Amino acid sequence: MIKQIAWNTFKNTGNINTFLEYSQLKDIENNIRIEEDGNCKNKRNNNC
């Protein structure tokens, strides 16, 4: 949802800062997913 808002704002305004913030947000979300997946695999009971 946030990614879509940022992308639409960039398309409407042409502001490169909005696009850069969108890009950073995407990277942060990917890092969180990778970290969560790693934590689940390390647990013995796999209740993730």
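None of these values were measured; they are calculated from a predicted model.
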Please round to the nearest 0.5 Å and tell me the distance separating atom CD of Glu21 and atom CD1 of Ile16.
11.0 Å
Can you list the residues that meet the side-chain contact (heavy atoms from CB on, under 4.5 Å) rule with Ile28, with sequence neighbours excluded?
Ile32
Across all chains, not counting sequence neighbours, the side-chain contact (heavy atoms from CB on, under 4.5 Å) partners of Asn31 are none
For Asn12, what residues pass the side-chain contact (heavy atoms from CB on, under 4.5 Å) criterion, not counting sequence neighbours?
none
Could you tell me the separation between the CG atom of Leu25 and the CG atom of Leu20, rounded to the nearest 0.5 Å?
12.5 Å
d(Glu29 CD, Ile34 CD1) to nearest 0.5 Å is 12.0 Å
